[in-house]
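The block underneath contains the structure these notes are about, expressed in structure tokens.
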Amino acid sequence: MPGPARILLGGLLPIVGLAVVAGVLHGVAWGWAAAALGFLLLVIAQARRLSVLSASIDAPASAESPDARGAWGEVFLKLSRRLRADARRFEDAEAALASFRNAMDAVPDGLVILDAHHQIQWSNRAAAGHLGIQLSRDHGAIIEQLVRTPGFAEYLDDPHAQAPLLLQSTAVRTRIYALRVVPLDEHNKLLVSLDVTDARRVEAMRSTFVANVSHELRTPLTVVSGFLEHFADDGAMNPEQRRHFTRLMSDQTARMLSLVDDLLMLSRLESEDAPATEEDVDMADLLAQLLSEAQSLSEGRHRIEVICEGPGLRGNRKEYHSAFGNLVSNAIRYTPAGGEIGIEWLVRDGAGIFQVRDSGVGIAAEHLPRLTERFYRVDRGRSRDTGGTGLGLAIVKHILLRHQAALRIESREGQGSTFRVEFPAWRLRPEGSDGPRHGGEAIGMQDETG
């Protein structure tokens, strides 16, 4: 039997029985009086239970605990179970919503939900940094009043817009954001802002790189091409001119090969994710090799001194040789004849120091921060005359990054330069594990001979 019917019968039957007994014993009047009193008590009892029921529905956590006896007890029990189930579902929904909000706040892209009138309904944390939108302050505001950039309102109203709208941050002028609109339903839309600053910077660097490579290759190719035209005419040159042109073409070809080799090495260093193969490098032996190469490049025009006072070094010997060799060759190229060049391996304050000192032309302070950029030259004409490709210090930077080392540059115009490489202490080999070293003494020295 349904609960309401049981409640009705459970309350009426005792009243009817009482009224019949009173009527039989004391007359009809007493019977009706007993029935009226019973109905009044029944109404009062049901009203009290309804009040408790209403309180349980309105505030289940603070309401009086319902009476769980009889048919009303079953109703209260079912209601209590339903309310607890609803409370659990509400808590789960609240937890899911909080998790969703946290996830959306963790998204690096700005997200803003707009209604049909472009009023802000919701936004995540990134939107504050990208567009200056604070949900607690700007909820319900029209977004065009907050994001003031030419073409933004028209972009929001264009249902066929495909390309993103680029926006420069008003707070940080160096940041660039791409805006896209995604329809959510018939009335709402999602505005997405993506930080494309780094992508645009990489694109600009790529364009500059291609232009620089093209420019660097065009000069030697033009020279070689021009000379080949003369070679096609057998009577246009005498043997001496032919030998001279052949030597110039050989020099230009060697320059192009050097440029290609540097490009390949730089590409390998930039794209190689795996760490370099490491070994124990005998620094005395490596510096002796650098001295030999420096003497060959100098051809007796400089005084070169090499000092080794430190232990061996852990790392990739081939890459160390490439990085250190670039620093040494730069010092020779930019130091006039009769100048001095020092190549040193030291330990200072627990760190390994490799440095190359020269008494050359020096570098102005404004150029120092950009020296490791690809193809950056302080003096383009002089750099080409000395045979540089403009990639040497970029290669040095990437090799040192792979070995957790730092490059420090000190220079003054007309007073020479010092390029110092600092290695962390954990890359130094323990004392005594090296082969023969020349502690504190020059490994070799070459005096100017003319």
Side-chain angles (χ1 to χ4, degrees), residues 209 257-297 304 306-333 341-357 371-376 388-409 418-439 443-444:
F209 177 72
L257 289 174
S258 177
L259 176 61
V260 171
D261 288 341
D262 283 352
L263 285 172
L264 291 175
M265 171 171 277
L266 188 59
S267 176
R268 178 181 65 81
L269 291 172
E270 290 180 335
S271 62
E272 198 170 76
D273 295 330
T277 303
E278 296 191 354
E279 57 189 301
D280 290 336
V281 179
D282 186 335
M283 291 299 291
D285 178 69
L286 178 56
L287 265 63
Q289 182 180 358
L290 293 174
L291 173 62
S292 176
E293 294 170 353
Q295 290 171 343
S296 176
L297 184 61
I304 304 173
V306 176
I307 297 177
C308 182
E309 294 182 354
L313 186 64
R314 185 72 181 172
N316 185 285
R317 191 187 193 282
K318 183 178 179 181
E319 293 188 3
Y320 282 159
H321 177 246
S322 176
F324 299 161
N326 266 300
L327 297 180
V328 172
S329 64
N330 281 347
I332 293 174
R333 288 192 179 100
I341 295 171
I343 306 170
E344 302 176 354
W345 170 241
L346 315 166
V347 176
R348 294 291 182 269
D349 299 325
I353 306 295
F354 174 85
Q355 65 182 16
V356 178
R357 297 178 290 101
L371 286 181
T372 57
E373 294 180 11
R374 292 176 292 187
F375 294 112
Y376 184 82
T389 64
L391 296 173
L393 289 180
I395 292 173
V396 171
K397 179 185 71 171
H398 284 282
I399 291 176
L400 298 186
L401 287 175
R402 286 163 58 84
H403 290 84
Q404 299 78 44
L407 177 64
R408 317 290 183 193
I409 305 174
T418 298
F419 287 76
R420 181 179 299 108
V421 180
E422 299 178 0
F423 289 91
W426 58 268
R427 280 205 170 272
L428 302 180
R429 293 174 58 187
E431 291 286 352
S433 62
D434 263 344
R437 279 194 303 111
H438 304 266
I443 294 177

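Please read all numbers here as calculations on a predicted model, not as lab measurements.
- Within the 4.5 Å cutoff, the side chain of Leu286 has no heavy atoms near those of the Trp345 side chain.
- Of all the heavy atoms in Val347 and Gly310, the pair that sits closest is CG2-CA, 3.9 Å.
- Note that CZ of Arg348 and CD of Glu422 are 12.0 Å apart. Values are rounded to the nearest 0.5 Å.
- Nearest heavy-atom pair across Pro311 and Leu428 is CG-CB, 4.2 Å.
- Here the CG-CG distance, from Leu297 to Leu290, works out to 12.0 Å after rounding to the nearest 0.5 Å.
- Here the straight-line distance linking atom CZ of Arg420 with atom CD of Glu344 works out to 9.0 Å at 0.5 Å rounding.
- Between Phe324 and Met283, some side-chain heavy-atom pair lies under the 4.5 Å cut-off.
- Atom CZ of Arg427 is separated from atom CG of Leu313 by 7.0 Å, given to the nearest 0.5 angstrom.
- Across Val281 and Gly315, no two heavy atoms sit closer than the pair CG2-O, 3.7 Å.
- No donor-acceptor pair closer than 3.5 Å links the side chain of Tyr320 to the backbone N or O of Ile399.
- The distance from the CG atom of Leu371 to the CG atom of Leu407 is 8.5 Å, given to the nearest 0.5 Å.
- In this structure, Leu287 and Phe354 have side chains that are in contact, with non-hydrogen atoms separated by less than 4.5 Å.
- Contact annotation: the side chain of Gln355 approaches that of Leu346 to within less than 4.5 Å [non-hydrogen atoms, C-beta and beyond].
- For the residue pair Ser322 and Ile395, the shortest heavy atom distance occurs at OG-CG2, 4.0 Å.
- Inter-residue side-chain proximity for Leu291 and Ile343 is flagged as unmet; no heavy-atom pair is nearer than 4.5 Å.
- Closest approach of His403 to Asn316, counting heavy atoms only: NE2-N, 3.2 Å.
- For the residue pair Gln289 and Arg317, a side-chain donor N or O sits within less than 3.5 Å of a side-chain acceptor on the partner.
- Note that CG of Asp282 and SG of Cys308 are 7.5 Å apart. Values are rounded to the nearest 0.5 Å.
- When each of Leu327, Val396, Val328, Asn326 is checked for a side chain to side chain contact (heavy atoms under 4.5 Å, CB included) with Phe419, only Leu327 meets the rule.
- Here the closest heavy-atom approach between residue Ala331 and residue Val356 is recorded as CB-CG1, 3.7 Å.
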